[in-house]
Amino acid sequence: MLKELHLQQVGPGSHFDIEFTDRLNIFTGDNGLGKSFLLDVAWWVLTRNWVDQPAYPKSHTSEVPKITSKIDVQTGKIIVPEVDVESHFNFSEQKWHSNSSLDNFSNSLVIYVRVDGGFSVFDPARQRDNAYNFNPDTLWNGLRLRDKVVCNGLIQDWITWQNQPNKYPFQLFSHVIKKLAPHPSEWIEIGEPTRVSVEDVRDIPTVNLPYGNVPVTLTSAGMKRILGLAYLLVWTWYEHTNASKLRQQDPVNQIVLLIDEIESHLHPRWQRVILPAILDVASYLQNNINIQALITTHSPLVLASLEPSFQESVDRLFLFKLEELEVTLDEIPWAKQGDTVGWLTSEIFGLKQARSQEAEIAIEAAEAWMRDSDMSTFPENLRTQAQIHQELLKVLPGHDQFWPRWIVTSERKNPDLSGV
């Protein structure tokens with residue numbers, strides 16, 4: 001598992017220093033500050049593979065660019081905790097090189113769920129020097145490398161597993177799909193396969209939903225992401241146990257999940273349950289398995305969903321910020337905010353109000369007027385009581401909680417105001 005990561009002159013910030021916890025590490029912050037970049041680097045540190053191109057260091061700096069990591073490494077049944085690995089960029093070769101002989105070894109299964117719809121898997125029992133990178137097509141229809149089939153794909157494996165309903169893969173897969181459903185009233189069950197196209201002779205898996213039976217190839221983007229994740233979790237673990245038997249060794253007891261924008265394509269009802277469900281599902285793969293998750297999110301509902309289960313001893317929350325043209329990454333003390341409005345107006349998201357920008361400005365003008373403040377800094381159409389009132393009528397619903405205070409104050413200061 002990943003214990004620490006230190007970046008010097010690499011990425012959007014000059015220095016990032018992160019101490020990870022053993023269970024849940026949540027990263028949030030504005031777009032473009034480095035959340036996806038951080039997951040890419042963490043993936044490389046754990047697997048020595050880049051999904052796309054390597055992270056390029058800053059070229060104009062007096063400091064030497066480097067990536068330093070601290071990981072748990074297992075050799076046989078012996079765990080050597082917190083091994084330091086320091087990596088430097090060779091500008092001539094355009095590659096990163098490390099100082100450790102343990103460079104190409106990880107004792108964890110690593111699964112990377114990318115925001116572009118792709119998935120990556122590193123399995124130390126199958127391919128120790130490389131990872132498997134899936135795009136949506138190869139995930140569903142199969143992946144071949146060097147003329148060998150390394151993954152049959154979701155469609156074929158699903159049908160194969162379903163034809164053996166009493167065996168382990170299908171039972172686990174069925175459970176995972178049910179567990180990842182957004183709500184008891186929006187359940188997901190495995191249906192009977194069906195032929196979809198005259199040009200495709202394959203039977204296609206289906207899911208039973210509250211409104212009917214749907215072939216998986218015709219489901220929504222959000223549903224496909226969930227089904228792909230469920231399949232990949234089960235496939236990765238199932239193939240790892242098979243490979244471990246062939247190598248006559250025990251399966252690993254550690255899985256690292258990297259998930260970028262976990263709320264991607266998901267309805268708010270699903271955003272509210274997806275992360276607790278994924279953590280719960282991963283624990284079903286094997287008793288006493290250790291799950292470390294690195295998750296990025298922009299969703300206040302994802303954070304609100306963690307309030308019942310967040311444990312400060314094993315979970316951490318991090319925030320990327322832009323301050324004085326410098327990107328920083330800091331651990332934020334966990335504090336319950338109660339609801340999405342509380343999260344939106346907290347330090348994490350930094351909104352003054354959980355409203356439209358126009359409503360926020362109108363209320364700020366109203367509050368300034370109620371305090372007898374200088375109104376010259378506000379737009380010309382928001383400097384008098386009557387102007388502010390008309391704008392509030394335009395941008396606020398009639399039941400908004402700001403109305404009572406505004407009306408009472410307006411009547412007290414100007415009882416003759418028309419329309420209040």
Side-chain angles (χ1 to χ4, degrees), residues 2 5 12-13 16 18-40 42 111-115 179-183 186 221-222 225-226 229 255-283 291-323 327-357 360 401:
L2 187 56
L5 184 59
F16 287 156
I18 313 157
E19 293 186 10
F20 298 94
T21 189
D22 289 342
R23 192 177 79 141
L24 184 59
N25 300 270
I26 299 288
F27 297 88
T28 189
D30 205 349
N31 295 96
L33 299 186
K35 296 186 299 300
S36 298
F37 169 81
L38 177 66
L39 293 190
D40 284 345
I111 300 174
Y112 188 2
V113 183
R114 307 194 304 276
V115 73
K179 189 66 180 179
L180 293 179
H183 190 267
E186 298 180 40
R225 182 172 167 90
I226 294 300
L229 176 59
I255 295 178
V256 181
L257 289 175
L258 313 175
I259 306 180
D260 199 7
E261 293 190 24
I262 191 171
E263 70 276 9
S264 181
H265 298 301
L266 299 184
H267 184 275
R269 186 188 292 268
W270 220 327
Q271 293 181 30
R272 193 171 62 172
V273 300
I274 185 61
L275 184 48
I278 288 174
L279 293 176
D280 191 28
V281 159
S283 67
I291 307 295
Q292 183 184 43
L294 278 61
I295 310 290
T296 74
T297 184
H298 293 119
S299 172
L301 274 171
V302 168
L303 295 177
S305 73
L306 295 174
E307 290 193 352
S309 58
F310 193 95
Q311 302 175 41
E312 294 185 44
S313 59
V314 291
D315 302 326
R316 286 178 183 167
L317 176 63
F318 299 88
L319 176 64
F320 284 88
K321 292 189 293 185
L322 181 63
E323 295 181 331
V327 178
T328 61
L329 175 60
D330 299 303
E331 181 183 351
I332 302 299
W334 176 261
K336 294 180 180 179
Q337 304 297 331
D339 58 18
T340 56
V341 172
W343 279 104
L344 284 170
T345 56
S346 71
E347 179 185 4
I348 300 300
F349 294 100
L351 298 183
K352 293 180 180 179
Q353 300 185 35
R355 310 172 186 268
S356 69
Q357 190 172 15
E360 180 179 297
Q401 60 183 2

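Gln311 CD to Leu306 CG: the interatomic distance, rounded to the nearest 0.5 Å, is 11.0 Å. Atom CZ in Arg23 sits 5.5 Å away from atom OG in Ser309 (nearest 0.5 Å). Rounding to the nearest 0.5 Å places CG of Leu319 at 8.0 Å from CG of Leu329.
In this structure a side-chain-to-backbone donor-acceptor pair under 3.5 Å is missing from Glu331 to Arg316. Side-chain atoms of Gln337 never come within 3.5 Å of backbone atoms of Ala304 as a donor-acceptor pair (strictly under, hydrogens ignored).
When all heavy atoms of Pro300 and Trp343 are compared, the closest pair comes out as CB-CB, 3.8 Å. The two residues Leu294 and Phe20 come nearest to each other via the heavy atoms CD2-CE2, 3.6 Å. Across Ile262 and Arg225, no two heavy atoms sit closer than the pair CA-NH2, 4.1 Å. The nearest pair of heavy atoms linking Phe349 to Leu344 is CB-O, 3.4 Å.
Open room surrounds CD on Gln401; 12 or fewer heavy atoms of other groups in view lie less than 6.0 Å from it.
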Test side chain to side chain contact (heavy atoms under 4.5 Å, CB included) applied to Phe318 and Ile18, step by step: CA-CA 9 Å; Phe318 299 88; Ile18 313 157; 3.8 Å; yes
Evaluate the criterion side chain to side chain contact (heavy atoms under 4.5 Å, CB included) for residue pair Leu317 and Leu303; output intermediate values, then yes/no. CA-CA 9 Å; Leu317 176 63; Leu303 295 177; 4.0 Å; yes
Checking Val327 against Phe320 for the side chain to side chain contact (heavy atoms under 4.5 Å, CB included) test, could you report, in this order, the C-alpha distance in whole Å, the side-chain angles of both residues, the deciding distance, and whether it holds? CA-CA 7 Å; Val327 178; Phe320 284 88; 4.2 Å; yes
Can I get a per-line list of side-chain donor-acceptor pairs under 3.5 Å for residues 267-280, giving both atom names and the distance, sequence neighbours left out?
from	atom 1	to	atom 2	distance (Å)
His267	ND1	Arg269	N	2.9
Arg269	NE	Glu186	OE2	2.6
Trp270	NE1	Leu180	O	2.8
Gln271	OE1	Ser299	OG	2.5
Gln271	NE2	Leu266	O	2.8
Asp280	OD2	Lys179	NZ	2.8

Validation: residues 24-39 side-chain donor-acceptor distances under 3.5 Å, sequence neighbours left out:
from	atom 1	to	atom 2	distance (Å)
Asn25	OD1	Thr21	N	2.9
Asn25	ND2	Thr21	O	3.1
Asn25	ND2	Ala293	O	3.4
Thr28	OG1	Thr297	O	2.8
Lys35	NZ	Gly29	O	2.9
Lys35	NZ	Asp30	O	3.0
Lys35	NZ	His298	NE2	3.1
Ser36	OG	Asp260	OD1	3.3
Ser36	OG	Asp260	OD2	2.5

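Residue pairs meeting the salt bridge (Lys or Arg N to Asp or Glu O under 4.0 Å) criterion with at least one member in residues 336-351, sequence neighbours excluded, are Lys321-Glu347.
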